[in-house]
Number of protein chains: 2
Amino acid sequence: MGDEVTIMDVAEAAGVSPSTVSRVINDSAPVSESTRSKVVKAVDDLGYRPNKFAHALRKQTSEVFGVIVPDISNPFFSTLIRGAEDRFHENDLSLIICDTKGELDKEQRNVEMLIKERVDGAIVTSAEGEVDGICRLFEEGIPVIAVDREPTSREITAVLTDDEGSGVQATQHLMEKGCRRIGFIRGPSGISTAEKRFAGYRKSLEESGKTFKPELVAQGDFTFEGGKRAFEELVRLNGREELPDGIVVANDMMAVGVIRKAEELGIEVPEDLALVGFDDILLSRLINPPLTTVSAPTYEMGQIAVDFLLEKVEVDRDMANSRKKVLKTHLVERRSSQYGARRNGY
Amino acid sequence: MGDEVTIMDVAEAAGVSPSTVSRVINDSAPVSESTRSKVVKAVDDLGYRPNKFAHALRKQTSEVFGVIVPDISNPFFSTLIRGAEDRFHENDLSLIICDTKGELDKEQRNVEMLIKERVDGAIVTSAEGEVDGICRLFEEGIPVIAVDREPTSREITAVLTDDEGSGVQATQHLMEKGCRRIGFIRGPSGISTAEKRFAGYRKSLEESGKTFKPELVAQGDFTFEGGKRAFEELVRLNGREELPDGIVVANDMMAVGVIRKAEELGIEVPEDLALVGFDDILLSRLINPPLTTVSAPTYEMGQIAVDFLLEKVEVDRDMANSRKKVLKTHLVERRSSQYGARRNGY
DNA sequence: ATCACTCATGAAAACCTTTTCATATGGATA
DNA sequence: TATCCATATGAAAAGGTTTTCATGAGTGAT
């Protein structure tokens, strides 16, 4: 069935040695035009395709890369993966995608798998702030790039979004829309993305001379249910009368939860409560009201991560030379943040 | 750096031959207890890990598998992938995930990539009804399983959902809810899933003695926008007065489009229009009104596909022996199908 | 004590490339 | 014409396993 045809068969058919065939295929040394054409013809005739395993064994390189993300079904990460995948394919490289489901031991196992597969490099979004996985790859001498989340314990090349700036943008937007009492729903602690968005919120309050009020902040976990619970918490803390008139929610998924819970409680978004999220997932456009959100160039992030990684692999394998790229974000204004629309509008 | 330690180093350290070390590691032949323990110790001491490339070269097997889906960010497929991934990992096998973005040439390229990587087998959801990709794998002698969509042109082992039955379930459900004039929004033609759901709709009408009306059917493409357009088409065909009072929509994504478009047009769901979708994607639960949908055991499908595939690989490589598994679906009742709730309800 | 046989082990081949090193050929230079 | 170089090519080694085949030691039977 499969192609049993080896480089030796080609050599024989072309009347040359295997070495010469190899040279033609890889363009690794000068070959006379006459023999080259003979070899090319033989390759075509026999339908020769190099044996990946032998190649890998000899060259000690798999030409396969790994990508580890916490949740493949999260549109943010699937877009990121697409960016990376497209770039890898452009370079004729293969890709192993790993989904850790946010579990630390699964991340660990995925890392071991990538090591076993002897990938030439990896792009990782750590499940937690701790970066055991990245460290393991590090130890094995496998080039690795962090993406979206910044590892705390180690200097490492990273591609990030400007999360603090995003937090500022979101908060200012609500202020401009006329909100006076702006709350925040946080993401899981220990994740740089979540922390920095919150930092942006505080910074923005400070810059406009407002005092930070702890009762306007609730803890979430980046999930839909977590968003619902966090909003209930805010209602409990402040009462129906003193509710915030605007909330910056650390990601879109939770913001959708807030919309639903508000609906259940008879609180109208955006008339009584304005909302801004982060990530610009597909859902945000489809929900009612459509969600205003801070959008990051996710697809590009994937591409840039690959560029950085390939540079590491091909040019400078020294992992000590780390660098950082922080991508700008932009606000996508939709209806959820049109606070007081009723009053102004009609 | 990396582990340069080879099986020869281990052999030397243990005072045995490489052959013996191999036998211990793979448990491929009897080894005396005394030497076995020596070898095990040496392996531990040196931190030996077999070289994947050499192993693959010698065994002519990569222990890597491929999964090809049209859209990794579609929750249906990411759940499927998770089922497959978990099962592969249980068997200590690696997985290359490919996203064709529904494009035929991308599918083609992904297939070539899997062939290049010499995967031991593949699970494929073809982008189109045509199955060039699957055929290529076939030709290469790579075991392959079709999942979700049934290849038309070739007999092949497949794991499917009972789409016709689902179509019947959905239609009957609307009838039971009191709908009299039930429409259908189709998926892309040529995709077995879409065709069969439509067939179920027709069958259900027939069984209850209703006549099929072409003006109640519109063409969609499985996307959100496509759903909106298809609904507009229905409005155009029937006019506001003669609109269907219930629509079976060939997948959830389009159904969400219908909800949005209906909202824009001031048509209330489910009071004036009842809806049922298929797939039970996350979004269906989060939208307002929550969408009634026919749910398939997606995660299990992934697992079963792997089981079938491994059986093919390990037991019976003869691809001529194909078999089919059709999984039962169930209806998840939510608010979008509570037709006339206002009238009956309160 | 010899033969037949089992069982554990080692040597070497095989898997298929790539790459180093050596060689032959031809042309240019002295 | 002899010498030197460059250039194209081939032979062989290396990469790290697994597996076949051979061998040697031990066991039980005659």
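Throughout, protein chains are lettered first and strands after them, A, B, ... in sequence-line order, and every chain is numbered starting at 1.
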(message) Does Arg323(A) qualify as a cation-pi partner of Phe308(A), given the criterion of NZ or CZ under 6.0 Å from the six-membered ring centre and within 45 degrees of its axis?
(response) yes
(message) My understanding is that only residues two or more places apart in sequence, or in another chain, count here; which of them pass ring-ring contact (aromatic ring centres under 6.0 Å, His included) with Phe88(A)?
(response) Phe65(A)
(request) To the nearest Å, give me how far apart CG (Asp9(B)) and C1' (dG15(D)) are. (result) 13 Å
(request) For the residue pair Leu114(B) and Ile68(B), establish whether any side-chain heavy-atom pair is separated by less than 4.5 Å. (result) yes
(message) Less than 4.0 angstrom from a charged side-chain N to a carboxylate O is my criterion; do Lys101(A) and Asp71(A) meet it?
(response) no
(message) Counting C-beta onward and ignoring hydrogens, is there a side-chain heavy-atom pair between Ile72(B) and Ile97(A) closer than 4.5 Å?
(response) yes
Polar atom pairs between nucleotides 26-28 of chain D and protein, under 3.5 Å, N or O only, would you list them?
none

(request) Could you verify whether a donor N or O on one side chain and an acceptor N or O on the other, from Thr35(A) and Ser32(A), lie under 3.5 Å apart? (result) yes
(message) Would you say Asn110(B) and Thr100(B) are linked by a side-chain donor-acceptor pair, where the criterion is simply a distance under 3.5 Å?
(response) no
(message) Taking any heavy-atom pair under 4.0 Å as a contact, classify Thr35(B): base, sugar-phosphate, or nothing.
(response) sugar-phosphate
(message) Tell me if a side-chain donor or acceptor on Asp9(B) pairs with a main-chain N or O of Thr6(B) at a distance below 3.5 Å.
(response) yes
(message) Over the length of the helix from dA1(C)-dT30(D) to dA30(C)-dT1(D), how much do the five-pair end axes diverge, rounded to 10 degrees?
(response) 60°
(message) In whole Å, I'd like the distance from the CD atom of Glu33(A) to the C1' atom of dT7(D).
(response) 15 Å
(request) Could you list by number each residue of residues 37-46 of chain A showing a heavy-atom separation from DNA chain C of less than 4.0 Å, or answer none if no residue does? (result) none
(request) Please name all residues satisfying side-chain hydrogen bond (donor to acceptor under 3.5 Å, both in side chains) with Asp148(B), sequence neighbours left out, ordered by chain then number. (result) none
(message) Checking the side chain of Asn91(B) only, and the main-chain atoms of Arg87(B) only, is there a donor and an acceptor separated by less than 3.5 Å?
(response) yes
(request) Decide, yes or no, whether a salt bridge links Asp307(A) with Lys325(A) under the criterion of side-chain N to carboxylate O below 4.0 Å. (result) no
(request) Can you tell me the distance, in whole Å, between the CZ atom of Phe53(B) and the P atom of dT18(D)? (result) 15 Å
List, with names and distances, any nitrogen or oxygen atoms from the protein found under 3.5 Å away from nitrogen or oxygen atoms belonging to nucleotides 16-18 of chain C.
{"unit_1": "dC16(C)", "atom_1": "OP1", "unit_2": "Gln60(B)", "atom_2": "NE2", "d": "3.2"}
{"unit_1": "dT17(C)", "atom_1": "OP1", "unit_2": "Tyr48(A)", "atom_2": "OH", "d": "2.7"}
{"unit_1": "dT17(C)", "atom_1": "OP1", "unit_2": "Asn51(A)", "atom_2": "N", "d": "3.2"}
{"unit_1": "dT17(C)", "atom_1": "OP2", "unit_2": "Ile7(A)", "atom_2": "N", "d": "2.6"}
{"unit_1": "dT17(C)", "atom_1": "O5'", "unit_2": "Tyr48(A)", "atom_2": "OH", "d": "2.9"}
{"unit_1": "dT18(C)", "atom_1": "OP1", "unit_2": "Asn26(A)", "atom_2": "ND2", "d": "3.2"}
{"unit_1": "dT18(C)", "atom_1": "OP1", "unit_2": "His55(A)", "atom_2": "ND1", "d": "3.1"}
{"unit_1": "dT18(C)", "atom_1": "OP2", "unit_2": "Ser22(A)", "atom_2": "OG", "d": "2.9"}
{"unit_1": "dT18(C)", "atom_1": "OP2", "unit_2": "Asn26(A)", "atom_2": "ND2", "d": "3.3"}
{"unit_1": "dT18(C)", "atom_1": "O2", "unit_2": "Arg58(A)", "atom_2": "NH1", "d": "2.5"}

(message) If I compare all heavy atoms of Leu46(A) with all of Ala13(A), which pair ends up nearest, and what's the gap?
(response) CD1-CB, 4.1 Å
(request) For Lys324(A), look at atom NZ and say whether over 12 heavy atoms of other residues, nucleotides or ligands are found less than 6.0 Å away. (result) yes
